[in-house]
Asks: 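One structure, pasted below without further comment.
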Amino acid sequence: MKILFICPGGQTYLNSPSENLAQYINEHYENINIDIFNMSFRPPPRSASGYDLVWGDMDGSNVPTTALSLAKNSNLPVYIHGEWVPPFRFEEGWSEHFQTPTDLSNKQYYLNIIKAMSQADLVSLALSTTAGGFDWIKEKTGIEFKNKFIRYPASKKYSLIDIPKTNSIATIARVNDPKKRVKDNAIAISKLPYEIEYKLIGGSMIQPGVKISNLGKFNNDSKVKIFSSSKLALQHWSGIPPAEAIQQQCPVISYDIPYMKELYGDALIWVEKDNVDKLSETIDYWLTHDKEREEFAAFS
């Protein structure tokens, strides 16, 4: 089988989760060949002639509509993965829930994506029951996809880096993006009765009373070392870093945001959303109870 694969390409070339998944299939399945195209660095051809399937992955840069058009023009089946539809980009009422400003200027864009996905032969999202997933889309638009399944955001498999864990906490997130709640993490750490190092990838910040190691912004394999050398990870939003932390036997604490809870279930340690005092207490417990922390890491 020969597949024409399209993704946005907004992340590091050939190192985004969707591209990693396509490469993994290429390397591990002899009967499947995937040509990878992305809208930023290597746009797809004008025709899908010669392929057996068109696969559009993620919703940036009009990927779903482009994949659908290519497939229709060549009379081919099409598979589209959209991850989810951000509620705060679709309607009012979600700003506080997701701590992200509502911006309805892209509402028509997401409606077009939903309509394109409804015409696909196969559709996947990362969510079903929570806002932005299959059930929510059906409720808000009346659209139900004929052939659908849940697909967790593709996470690259990293081998365990066996190094001593220092008395530190790690986070990979866009520091200045409010929904990541990185500021809450720093404040919670400042409330601890002892010093702890906070390792941060994704920008820089300063918080009085906290030793913060700002490790810059990058997306390469060395990033997971902050998890392998840390006792805990704080990840309140990003879908991929919790999986990367779990691979390094680093327990993850997260706010109980429905999006995250559907993705991870009982694999994470949950704290009431935006409760900084409870977050600090939870950090303190898991840092000072080594046996319980190591058992939870092994379980996850």
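All values below come from the heavy atoms of this structure, side chains included, with hydrogens, waters and symmetry mates left out.
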Asks: When you measure from the side chain of Asn62 to the backbone of Thr65, do you find a donor-acceptor pair of N or O atoms at a distance under 3.5 Å?
Replies: no

Asks: Around Asn75, counting heavy atoms of other residues, nucleotides and ligands shown, do more than 12 lie under 6.0 Å from its CG?
Replies: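 12 or below, so no.
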
Asks: Quick check on side-chain contact (heavy atoms from CB on, under 4.5 Å): which of Leu234, Ile226, Ile253 does Ile169 satisfy it with?
Replies: Leu234

Asks: Under the salt bridge (Lys or Arg N to Asp or Glu O under 4.0 Å) rule, what pairs show up with a residue in residues 55-66, not counting sequence neighbours?
Replies: Asp57-Arg151

Asks: Would you mind reporting whether Gln249 and Glu294 have side-chain heavy atoms less than 4.5 Å apart?
Replies: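 No, too far: nothing below the 4.5 Å cut-off.
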
Asks: With a 3.5 Å cut-off and sequence neighbours excluded, list the donor-acceptor pairs that the side chains of residues 119-135 form with protein atoms.
Replies:
unit_1, atom_1, unit_2, atom_2, d
Gln119, OE1, Lys72, NZ, 2.6
Gln119, NE2, Lys115, O, 3.4
Asp121, OD2, Val78, N, 2.9
Ser124, OG, Tyr79, OH, 2.7
Ser124, OG, His81, ND1, 2.7
Thr129, OG1, Glu262, OE1, 3.2
Thr130, OG1, Glu262, OE1, 2.8

Asks: Do Leu268 and Leu263 have side chains that get closer than 4.5 Å, going by heavy atoms?
Replies: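 SC-SC contact between Leu268 and Leu263 ruled out.
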
Asks: Which one of Val182, Leu279, Thr171, Val271 satisfies the side-chain contact (heavy atoms from CB on, under 4.5 Å) criterion with His236?
Replies: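 Among Val182, Leu279, Thr171, Val271, the one that satisfies the side-chain contact (heavy atoms from CB on, under 4.5 Å) with His236 is Leu279.
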
Asks: Answer yes or no: are there more than 12 heavy-atom neighbours, outside Tyr109 itself, under 6.0 Å from its atom OH?
Replies: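 Above 12, so yes.
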
Asks: I'd like to check Pro251 versus Ile269 (side-chain heavy atoms, cut-off strictly below 4.5 Å). Are they in contact?
Replies: yes

Asks: To the nearest 0.5 Å, tell me how far Tyr198 OH sits from Ile283 CD1.
Replies: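 Interatomic distance, Tyr198 OH to Ile283 CD1, rounded to 0.5 Å: 8.5 Å.
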
Asks: Verify, without hydrogens or angle tests, whether Gln248 (side chain) and Ser159 (backbone) share a donor-acceptor contact under 3.5 angstrom.
Replies: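 A pair under 3.5 Å: yes.
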
Asks: Give a yes or no on this: more than 12 heavy atoms of other residues, nucleotides or ligands lie within 6.0 Å of atom CD of Glu30.
Replies: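 Atom CD in Glu30 is not crowded, with 12 or fewer foreign heavy atoms closer than 6.0 Å.
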
Asks: Does anything in residues 265-285 pair up under ring-ring contact (aromatic ring centres under 6.0 Å, His included), and if so which pairs, sequence neighbours excluded?
Replies: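 Only Tyr285-His289 qualify under ring-ring contact (aromatic ring centres under 6.0 Å, His included).
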
Asks: To the nearest 0.5 Å, how far apart are CD1 in Ile3 and CD1 in Ile32?
Replies: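 So the gap between those two atoms works out to 5.5 Å.
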
Asks: Partners of Asp184 by side-chain hydrogen bond (donor to acceptor under 3.5 Å, both in side chains), sequence neighbours excluded?
Replies: Tyr255

Asks: Can Ser105 and Asp103 be counted as having a side-chain donor-acceptor contact under 3.5 angstrom?
Replies: yes

Asks: Give the C-alpha distance, both sets of side-chain angles, the deciding distance and a yes or no for side-chain hydrogen bond (donor to acceptor under 3.5 Å, both in side chains) between Gln99 and Lys273.
Replies: CA-CA 10 Å; Gln99 201 170 320; Lys273 181 176 72 73; 5.9 Å; no

Asks: Sequence neighbours left out, what passes ring-ring contact (aromatic ring centres under 6.0 Å, His included) with Tyr24? Give chain and number order.
Replies: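 Tyr24 satisfies ring-ring contact (aromatic ring centres under 6.0 Å, His included) with His28 once adjacent residues are dropped.
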
Asks: Tell me the salt bridge (Lys or Arg N to Asp or Glu O under 4.0 Å) pairs involving residues 155-169, sequence neighbours left out?
Replies: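 Matches after skipping sequence neighbours: Lys156-Asp221.
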
Asks: Can you see which heavy atom on Pro43 is nearest to which on Phe37, and at what distance?
Replies: O-CD2, 3.5 Å

Asks: Considering residues, nucleotides and ligands other than Lys291, do more than 12 of their heavy atoms fall under 6.0 Å from its NZ?
Replies: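 Incorrect, the count does not exceed 12.
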
Asks: Could you tell me if Ser168 and Ser230 have a donor-acceptor pair between their side chains, going purely by distance under 3.5 Å?
Replies: yes

Asks: According to the salt bridge (Lys or Arg N to Asp or Glu O under 4.0 Å) rule, which pairs have a member within residues 228-247, sequence neighbours left out?
Replies: Lys223-Glu244

Asks: How about Lys225: does its NZ atom have over 12 heavy atoms from other parts shown lying under 6.0 Å from it?
Replies: no

Asks: Closer than 4.0 angstrom, basic N to acidic O: yes or no for Glu195 and Lys211?
Replies: no

Asks: Apply side-chain hydrogen bond (donor to acceptor under 3.5 Å, both in side chains) to Glu197 and list each qualifying residue two or more places apart in sequence or on a separate chain.
Replies: Ser213

Asks: Can you sort out the partners of Lys278 under side-chain hydrogen bond (donor to acceptor under 3.5 Å, both in side chains), two or more places apart, ordered by chain and number?
Replies: none

Asks: Looking at side-chain heavy atoms only, is the closest gap between Pro258 and His97 below 4.5 Å?
Replies: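 Yes. Closest side-chain heavy atoms under 4.5 Å.
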
Asks: Under the side-chain contact (heavy atoms from CB on, under 4.5 Å) rule, collect the residues that match up with Ala243, sequence neighbours excluded.
Replies: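 In terms of side-chain contact (heavy atoms from CB on, under 4.5 Å), with neighbours along the sequence ignored, Ala243 is linked to Tyr152, Ser155, Tyr264.
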
Asks: Ser47 side chain to Ser49 main-chain N or O, any donor-acceptor pair under 3.5 Å?
Replies: yes

Asks: Would you say CG of Leu160 has more than 12 non-hydrogen atoms from neighbouring residues, nucleotides or ligands within 6.0 angstrom?
Replies: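 Yes, CG of Leu160 has more than 12 neighbouring heavy atoms, counting only those of other groups under 6.0 Å.
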
Asks: Is a side-chain donor or acceptor of Arg181 paired with a backbone partner of Asp274 at a separation under 3.5 angstrom?
Replies: no

Asks: Under a 3.5 Å distance rule, please check whether Asn73 uses its side chain to pair with a backbone N or O of Ser69 as donor and acceptor.
Replies: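 Yes, the answer is positive, given that a donor and an acceptor are paired below the 3.5 Å cut-off.
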
Asks: Does Asp277 have any side-chain hydrogen bond (donor to acceptor under 3.5 Å, both in side chains) partners at least two apart in sequence or in another chain, and if so, which?
Replies: Lys191

Asks: Please say whether the positively charged group of Arg89, taken as NZ for Lys or CZ for Arg, lies over the ring of Tyr110, i.e. under 6.0 angstrom from the six-membered ring centre and within 45 degrees of the axis.
Replies: no

Asks: Looking at every heavy atom in both Arg293 and Leu232, which two are closest together, and how far apart are they?
Replies: CD-CD2, 4.1 Å

Asks: Ignoring hydrogens and geometry beyond distance, is a side-chain donor-acceptor pair present between Asn167 and Tyr194 at under 3.5 Å?
Replies: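 Tyr194 and Asn167 do not have a side-chain donor-acceptor pair below 3.5 Å.
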
Asks: Donor-acceptor check, side chain of Ser61 to backbone of Cys7, threshold 3.5 angstrom: yes or no?
Replies: no

Asks: For atom CD of Glu96, is the number of surrounding heavy atoms from other residues, nucleotides or ligands below 6.0 Å larger than 12?
Replies: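 It does not: Glu96 CD has 12 such atoms or fewer within range.
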
Asks: Would you find a donor on one side and an acceptor on the other, under 3.5 Å apart, between the side chain of Gln235 and the backbone of Ile172?
Replies: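 Checking the backbone N and O of Ile172 against the side chain of Gln235, a donor-acceptor pair under 3.5 Å is found.
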
Asks: Taking only residues two or more places apart in sequence, or in another chain, which ones meet Phe90 in a ring-ring contact (aromatic ring centres under 6.0 Å, His included)?
Replies: Trp136

Asks: Would you give the length of the straight line joining atom CG of Leu104 to atom OG1 of Thr102, rounded to the nearest 0.5 angstrom?
Replies: 6.0 Å

